[in-house]
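Written below as structure tokens is the structure these notes are about.
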Number of protein chains: 2
Amino acid sequence: MIRISIDAMGGDHGPEATLPGLVRVVERRPDARFVLFGREEIVRPVLDKLPRLKEVSEFIHCDVAVRMDDKPSQALRVGRWKSSMWRAIEAVKAGEADACISAGNTGALMAMSKFCLRTMADIERPAIAAIWPTIRGESIVLDVGATIGADAQQLVDFAILGAAMANALFDIDQPTVGLLNVGVEEIKGQEEVKEAGRMLREAALETMRYQGFVEGDDIGKGTVDVVVTEGFAGNIALKSAEGTARQIGEYLREAMGRTLMARIGYVFARGAFARLREKMDVRKSNGGVFLGLKGIVVKSHGGADEEGFAAAVELGYEMVKSGLYEKTRSTLDLYHARKPAVPAVDAASRV
Amino acid sequence: MIRISIDAMGGDHGPEATLPGLVRVVERRPDARFVLFGREEIVRPVLDKLPRLKEVSEFIHCDVAVRMDDKPSQALRVGRWKSSMWRAIEAVKAGEADACISAGNTGALMAMSKFCLRTMADIERPAIAAIWPTIRGESIVLDVGATIGADAQQLVDFAILGAAMANALFDIDQPTVGLLNVGVEEIKGQEEVKEAGRMLREAALETMRYQGFVEGDDIGKGTVDVVVTEGFAGNIALKSAEGTARQIGEYLREAMGRTLMARIGYVFARGAFARLREKMDVRKSNGGVFLGLKGIVVKSHGGADEEGFAAAVELGYEMVKSGLYEKTRSTLDLYHARKPAVPAVDAASRV
């Protein structure tokens, strides 16, 4: 049995999307159990219409719902202790749930998760990991926006966190890891990235194969299983790729509707287009995973529909089932047992 | 008459691609004239077969050709004063050409351009600008890899350079300008980006409309004409987008060849696919423009074919014709006339 706490109020569509999403999950993973947090008068009517979900869920009323446009500080001020988002996270801390899923606003969810769960020992900053569809399958990219800037040690931490996630999710013993960098020789990269590369090479951890630097176009190629970068560049890479995918989808739609011949061709190739759409379906890889916290939190896209939200929940489910947390902990222990004493100035000299 | 100096040796295919590319240019722009630099025994045989090009070109032999994998320092050491790349750049400095085009390696071309041409007064660092196809048309994104990191003043300089280029190239009086940032509230962005935003707002230049922050997915949407960022994030955004476009192209090919029905559909929709391919054709937007130097230098993709190289040359041609350099200079003057005394510490505190 895997117990998952749900912020039922999160997302653009609230319980209308989150609850039907859970029905799909329970159909596919019969051992999933839910604790739902939200406003009674909004959640209850939807839940009452979903007997299958009702059977496997507990509902807990919360007065406050964090809004999609609340700033993190505002959300914390208004919603700490009592919002559906906070209570869902807290259920993980209290051991009442194995993972928490919310489609609420990212900044608020990260702020509350950090405040409530705290980071794991040896981890200074959490990261948000995205699952990125590639030509070879899927890769993990982190950090995609938890924190701006990262020093070398933090990049190494991200590599460890990402490798543990790849191990848990893709069932690969030694996931390949690359540091995202720019390709122009000599000005090649930030000092932190170079230093992180040296540290990863020296550590020679058995839980990953460090492959050196990768560039932006290596992500989609699936050159490595785990792409490590700091949050600013990672967020921009992710959004640029999403934007490009949408842009090409737009071109394709426009091209296919333009002439009679094209429309006839489209009818014949319908199956192929369906296949393409499925490949490009962001819903399937929905879910930003918060790594480095004392508990598993998954952020679903705010605009996710039922299937999108279900994918995020199933991602959390899989990571609990495959022991993400324990795998992360043991890699961290391995690294720190092996690591020479850290020059304290290195960590302190950067904000 | 527009005179363009050409590093005929640059690129993966050398004169076999560059020279036929120039023939296309002269067919479309009869007032283009060329000065070609390269090794006699390699360039001459190709040139002799292209009488149309020969008529409008001067050829100058150079002993040295910078290799695609030379490091910038190595290229400078071996190729300064005498390589085809250096001599092509020098022709601009000497006033013998209006712009220089090379498909040679980016790092070497930038190092030599900086060394030979120097940056414009008031500009500390040059930027590489890319032309990015968008749903609305085209936008300019800079810096895509000239320098890692940029302080607020340098980002403002990039905005001025980019706006002048948009003005020259797209013929827009007041191009819209956005600063690339991440969307998560509160942790929103690097300090330098926020500060640059304040400076641009205060300066209220008539030569652009500053629109605030944009995110990675705004680039492909064409939200603004000019997207400003530092070189690390810019390079990663560009390469991620390129990678995604290739990845989707791959999916599409695979989907269309998979079943008989799809293949039949493809035959009917051939015209539409051709149109799509044209839209996605990177050759058409080939050319990274070096901005902020005392002269116009355009970097063509190393792998560019004839048409790709022609596009880069025509980009240089257009920018000379539309007075890019003068437009940049006058916007810079306007900005600096209006700017309050700079706190010197701001520029000095960053590397």
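Given the structure is predicted, the values throughout are model-derived calculations rather than measurements. Convention: sequence-line order gives letters A, B, ...; per-chain numbering from 1.
A salt bridge does not link Lys239(A) with Glu242(A): none of the charged nitrogens is closer than 4.0 Å to a carboxylate oxygen.
Ranked by heavy-atom pairs under 4.5 Å with chain B, the first of Val267(A), Asn105(A), Thr134(A) is Thr134(A). No other option in Glu254(B), Met110(B), Glu230(B) has as many heavy-atom pairs under 4.5 Å with chain A as Glu254(B). Heavy-atom pairs under 4.5 Å with chain A were tallied for Ala108(B), Gly243(B), Ala241(B); the largest tally goes to Ala241(B). Residue with the most contacts toward chain B among Gly216(A), Gly231(A), Ala233(A), Gly222(A): Gly216(A) (heavy-atom pairs, distance under 4.5 Å). Note on Val193(B), Asp217(B), Asp218(B), Ile236(B): by heavy-atom pairs under 4.5 Å with chain A, the leading option is Asp217(B). With respect to chain A, the highest number of heavy-atom pairs below 4.5 Å among Glu250(B), Arg263(B), Gln247(B) belongs to Gln247(B).
Relative to the ring axis of Phe115(A), Arg118(A) places its NZ or CZ within 45° and under 6.0 Å from the centre.
Heavy atoms only, all atoms of each residue included: Tyr251(A) and Ile135(B) are closest at OH-N, 4.3 Å.
To the nearest 0.5 Å, atoms CG (Leu180(A)) and OG (Ser240(B)) are separated by 6.5 Å. Considering CD of Gln154(B) and CG of Asp143(B), their distance stands at 10.0 Å, rounded to 0.5 Å.
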